[in-house]
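In what follows, every chain begins at residue 1, and chains take the letters A, B, ... in the order their sequences are listed. Side chains included, hydrogens not; waters and symmetry mates left out as well; all remaining heavy atoms used. Remember, it's a predicted structure, so these values are computed and weren't measured experimentally.
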Amino acid sequence: MTKSLMVKVLIVLSALSLEGMALSQPYPEREAFFGETHIHTSWSLDAFVLSSVAKNGPEEAYRYARGETIQHPSGYEIRISKPLDWIGVTDHAEYVGAFTLANDPESILRKKHPVVANMLKIGAGINPMVAYMLLAKSITRNSPIEALQDPEVAGTVWKRMVDIADKFYQPGKFTTFAAYEWTSTPNSKNMHRNIFFKDTQKVPAVPFSSIDSSDPVDLWNWMETQRKEGNEALAISHNGNLSDGLMYPREVDLNGRPIDASWAEQRMRNEPLSEIKQGKGQSETTPFLSPNDEFANYEVMVWLLLGQTGEPKQYGSYIRNAYRDGVAMQTTGGFNPYQFGLVSGSDSHNAAAAYRQNNFFGMHGVNDATPEQRLSSEKHMNMDNRTVSPAGLTAIWAEANNRESLFEGMKRKETYATSGVRIRLRFFGGWRFDDRMLMDRAWVKAAYEGGVPMGGNLLPSKSEAPTFIIHAMKDPDSAHLDRIQIVKGWSKNGQSFERIYDVAWSGNRKPDPDTGRVPAVGNTVDIAEGTYRNTIGAPLLETVWTDPDFDPSLDAFYYARVLEIPTPRWNLIQARQLDQFPPEGVPLTVQERAWSSPIWYTPTETARKSTSPVMTVDDLKRQGGIALDDAQLKQLVVGKTVAVRNTVTGRRYDIFYGQDGRRLIEGVNGQLHQSGEIGNILHSSELGAPAAYEIKDGRLVTSLGGVNFDVYVYRIGNRYYAARSNEFGYANYEVEPKTE
Amino acid sequence: MSIPTLLKEPLVHFLLLGALFFVGYEFRNSGNEGEAGQIVVTQGRIENLQTSFTRIWQRPPTPSEMDGLIRDYVREEVLAREAMTLGLDRDDTVIRRRLRQKMEFIANDLTVPAEPTETELKNFLAMHSDRFLVQPRFSFRQVFLNPEKRGAALQDDTANLLADLNLPNATVDFRMLGDSTMLTSQMANASPEEIARQFGDEFTRQLEQLPLGRWHGPVTSGYGVHMVMVEDRTPGTIPELATIREEVARAWTDERRRKDQEQFYRELVKRYTVTIEGLSPNSNALAAEVN
C-alpha cells in the first residue's frame, strides 16, 4: 500500500468511527422514535385488488413514510403530515406478491408457472376480485396453490422485500425493518401477527405464513428455530378486538390445550408486544368490559373479518382484560402469558396511512378513497367506512434511530402507543421517587437509575407503596392535554380487578370527593365549523404518584393513559368540507390519547403468603362438600332471590333467578351501587340488565357478552359455597337463599 | 431539425417500427398464413406451438398432442377471423385494454430517452430547483414558558425573562431558566423537518425571521411561548449539479419519458377529430382539450 493511499484509508476509517460513535449513542437517556408497525402495499393480495390507478409497492411505502408525495391507490396525491422515524412494511405473507409477479412479464412466476400467472393477470378475463376470492379460499380450505408456494417464486418476492427494506435504511435517520404479517384467520377470527426481524443478515428464504400453519404455537416454534440460527424476530399480535375471544385466551388455546407455564413462557419469548389501536378500532377495552371507564367508548369496532355476520365476543379480545387475566394466572399458576407491551399501527392497505383526523384519506384503496365514500352508509364486506379511523402511532424509547436500538426497545417493551398524535410520554416506576424529583431538570437520569421504565417489572419492594413518575407533553401540532390517568389492575384469589386513577389534569378542576374522578375538561369544538380551540387543557402534565391502595401480597399492573381535549373527528371535518350534515350514529368528536406499556408488580413468595386464608374447590371437597345436581340447583335458585357474598371483596349481591331463564342483579350490598373498582364477576354493567342463565350438568351457566361462565355450588351441612369457572379453582362465594 | 436529431426522436422510431411491423404482418398474412378464405399453418407456426407447449409442460408434445394443438390453432384462427369480421373485437373492453396496453408497452420501449447532456441537466436543475433544494439549517437555543402555569403573569414573565437573557454579562445558565420540559434546550445545525418534529410547525415557521445572535421572544408554539436565540442560520441552497448529478439525471429521464409518451399520444390523436356528444356540460371544452 502506498503511503498516500494508507493515509486516505486512515482518514476514511477515523471518519467512519467518529460517525459510528455519534450514531450509536446519540441519546443516552433515550428518545421517543415514532413509527409504523403495520402497513400493506399492493404486494398484499387484498391491497392489490383495492388499488385502481397506482399499484404502490414497498418502495412507495418507504417513500411516503419518509415524507415524499406519492399517489393514493385511486390516483390523487397524498403526503404524510410528519415523516416517520421508522417503519416495517407488513404485507400479508400468504401468496405475497402473486398479483404483482403475474403482471410482470419478466417475473419468475410468468416464466415458470405461466398457467397460474395467466389466471392472475389483469385483463386476462378473470376479475381481480374473483381471483382474490379464489386465492383466499384456497388458503382457508387448506389446499394451497403449489405454483405460488414454489420456494423459488415466494423466495423471490421475499428477497425483493428485504432488499428494498435495506435500500431505504438510513441508520440514524430512517429505519426500515424486514417484516411481514402472518395472517391466521381460523373461521374468520383474527389471529393475525406482524413479524419483525432485527436485521436482514440471516432472514429466512421464505417467511412462515398461515398456509404453513394457522396455530400461533407453530409460528412461535418456527421463530425459535430462527433464533437458534441467529435470526432474531418478534411477533406483534393485533386486532384482538376482531378475534372473537381468541387472541388472549384464559383456559385453553386454539387447539383446546390448557394454557400452562410453558405456553405462557413461549408466548412471552416470542410475542412481547400487542397492538392497541389501528384503523379498524382499538383493543384496550369497551364500555361493556369496563363500565366504570368513562373514556372506554372510543373507536370500538364491531366487525368480523371477511364480513361475517354477528358481533365478536369481547372477553378474550381486549388488552386490559388480558392484563387482568395475566396477573390472575400469575397469582394462581405462577405464570403470565400477557406481560406484553403496547404499540399502535395503521393496517392501511394503501402503502400509506393518515395519522391525523384532518388529513384522513381512508385505508382500503378504492373502497374509501373519497370523502363521499367515507361518509356513505354503504358497506364493504359488512364494514361501515364511517367507523374506520386514522392510524395509530408507536413510539419506541431508544438510544438511537437504528435497527438494533429500536428492536431492543421493542423487546424491552419500552414502547407506548398513541391514537396517531405525537404525545411524548415518560413513565417510570420505583419505590422511592420523591415529589420534588421533577423539579430537577436531570430527573430522567435519576428515574432510570432509581426505577424501571414502561414495560418493566418493579424491583422487590423497598417501601410501603410503589411510586410512579408520569410526564406527558402534548403534540405541538395537535390539541392540549386533558388528563393523565393510571389504569391499575390486580388479582386476588383468582379474581381480578381494575381501577382508574386521575393523577394529573389541566386547570383547577377538583376531583369528586366520593369517586375521586376529575370532571370533564369541557369542549371547544365548534360543530358548525368543524374546528376546536386550545383554550382549555394544558400543554404539559406531570406528577409523581403513589399507589394509595397498594397491597404488597397481590400481583398488579399499572399503565398510563393520556387524553387530549376533545377535537373534531374526521367525519365532522369532511362533512363540513362537503357542506353536508355529518352522518348520524358516529361520534363527531374524539379524545386522542396515548397508552404506555404497563409496569408490573409481582410479590415475593413471602409477601404472597401474607394473604388471608382462602377456600379452594379442593378444600371444599376435602371438607365433605357435595356438588349440587341440576334438581338441587333449581330448587336453590329458580324463582328466588339469593344473596351471593364474594369473599374476596366482601360484597353481597342479591340475584333474582327468574322462571324464564333470565337473571337480574337487584343490588350490591343492598343498593344499586356503582363502585370505583370493577371485578371480573357480576360486574355493575349487569345491574338492572338481565342476563340469560341455564342449569345443566350440575352447573349454573350464565351468558355474559356471548361468553358462558359456569358456577358450581357445593353444600357443607346447611351452608352453600360456589366456585366460578374462570377463577382458577377458587371457591370465592357463599350463597344464601334469601328469606324475606 | 437535422437528420441525426430526427433519428433520435422516439416518434420517428415508432412510426418506422410501426411501418415495418405492419409490412411484416401484411406479408405474413398474405404470403404464408392465407388470404381471406385460406388458412395455412406454416412450419414456423407449428414450431411456435411446440415451443410454447414445451415451456409450460417442461417436455415436448407427443405426436397426438401436436395434432391436437394444430387442430385447436385452426379452430382459434377460424373463430377469431369470423369474430373480427363481425366486429366482435371492437366492443370488448378486455381486448381493447389489452391492445392499449400493447401500444403503451411499445411506446414505453421506444421512448427510452438518450443520456442527458450537461446543458440539459443544468437547465433541468434550474427549472426544478425546488425539488432538489437543500433545506436551510438552524442552530438555536430556547427557553420555554408554560402559559398554563404562568397564567396572568405570562406577559410580565416573558418580558423579565427576555431582559435577563439579554443582559450583557449574563452568568446564569439559560438551560436552568423557564419551565421544565422534555424539549431540548438547544439544537445545532437542524433542518426545519427535524425542528418541527420536536417544536411543531408553528414554531419552525418563525425561525427564518428571527434576529441572529440575541434572545428574542415570545415565539409561539403549540406548547406555549419560547425565548429563542438563533445562533446560526444556513440558508437553503440549490446544490451544485456535480453533487446530485445522478438524482437529477433520474428525474430528467423520468420526466422526459413522460413527455415523450404524451407527445406520442398527441401525434397519434392528431389523426382523429374527436367529437364528444352527450349530457356533459363540459363536452365542448373536453373535445377541444383532446383535440
Side-chain angles (χ1 to χ4, degrees), chain A residues 27 29 31-34 66-69 81-85 103 105 110-118 121-127 173 421-426 438-444 471-481 506-508 534-542, chain B residues 52-58 92-102 104-105 108-109 131 135 143-151 173-185 188 191-205 219-226:
Chain A
Y27 300 98
E29 276 145 30
E31 171 64 29
F33 293 104
F34 287 97
R66 68 182 191 187
E68 293 176 33
T69 302
S81 42
K82 265 207 177 88
L84 302 179
D85 298 317
N103 285 285
R110 284 277 276 273
K111 284 182 185 147
K112 228 179 140 184
H113 307 282
V115 182
V116 172
N118 268 321
K121 228 159 64 180
I122 299 186
I126 186 164
N127 175 313
K173 196 166 165 30
V421 292
R422 293 180 174 228
I423 293 171
R424 282 162 67 87
L425 174 61
R426 292 275 198 185
L438 287 165
M439 314 269 276
D440 180 356
R441 296 198 179 200
W443 69 265
V444 172
H471 177 106
M473 239 169 65
K474 66 166 287 200
D475 177 333
D477 297 316
S478 186
H480 277 178
L481 304 178
S506 69
N508 306 319
N534 271 330
T535 46
I536 55 171
L540 186 153
L541 294 172
E542 59 182 10
Chain B
S52 36
F53 181 95
T54 313
R55 207 171 49 217
I56 296 174
W57 301 103
Q58 307 291 310
D92 190 310
T93 25
V94 175
I95 294 175
R96 288 167 59 90
R97 206 171 294 155
R98 184 75 191 124
L99 289 173
R100 171 186 168 164
Q101 213 176 36
K102 279 187 163 179
E104 282 171 349
F105 274 140
N108 202 24
D109 285 348
R131 280 166 63 180
Q135 297 273 304
V143 175
F144 173 68
L145 287 182
N146 183 345
E148 210 226 1
K149 259 191 197 160
R150 303 280 164 169
D173 185 351
F174 74 95
R175 284 169 298 191
M176 294 294 134
L177 296 176
D179 295 322
S180 152
T181 60
M182 272 195 279
L183 294 167
T184 179
S185 47
S191 73
E193 200 178 90
E194 286 161 357
I195 300 168
R197 215 169 275 197
Q198 274 222 25
F199 292 89
D201 296 332
E202 185 184 345
F203 178 92
T204 311
R205 269 196 304 271
V219 175
T220 54
S221 79
Y223 303 114
V225 303
H226 308 252

Under 4.5 Å from a heavy atom of chain A, the part of [X] involved:
X       : value
E193(B) : side chain
R175(B) : backbone
Y223(B) : both

Practice prompt. Evaluate side chain to side chain contact (heavy atoms under 4.5 Å, CB included) for D201(B) paired with K82(A), printing each intermediate quantity in order.
Written response: CA-CA 10 Å; D201(B) 296 332; K82(A) 265 207 177 88; 4.2 Å; yes
[X] side, atom [atom1]; [Y] side, atom [atom2] - distance, nearest 0.5 Å:
X       : Y       : atom1 : atom2 : result
L540(A) : L183(B) : CG    : CG    : 8.0 Å
N534(A) : E148(B) : CG    : CD    : 11.5 Å
T181(B) : K474(A) : OG1   : NZ    : 13.5 Å

Counting only non-hydrogen atoms closer than 4.5 Å, does [X] touch chain B with its backbone (N, CA, C, O), its side chain (CB onward), both, or neither?
X       : value
L425(A) : backbone
H480(A) : side chain
S478(A) : neither
R424(A) : both

Discussion item. Could you check whether any side-chain heavy atom of S180(B) comes within less than 4.5 Å of a side-chain heavy atom of L438(A), counting everything from C-beta outward?
Written reply: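 No, their side chains stay 4.5 Å or more apart.
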Worksheet item: Are any of the side-chain heavy atoms of E202(B) and P476(A) separated by less than 4.5 Å?
Response: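 SC-SC contact between E202(B) and P476(A) ruled out.
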Fill in: Heavy-atom closest contact (M182(B) atom, H471(A) atom, distance)
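Closest approach of M182(B) to H471(A), heavy atoms only: CE-CD2, 3.0 Å.
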Discussion item. Looking at chain A, which one of E194(B), Q198(B), R197(B) has the largest number of heavy-atom pairs inside 4.5 Å, strictly under?
Written reply: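 Heavy-atom pair counts peak at R197(B).
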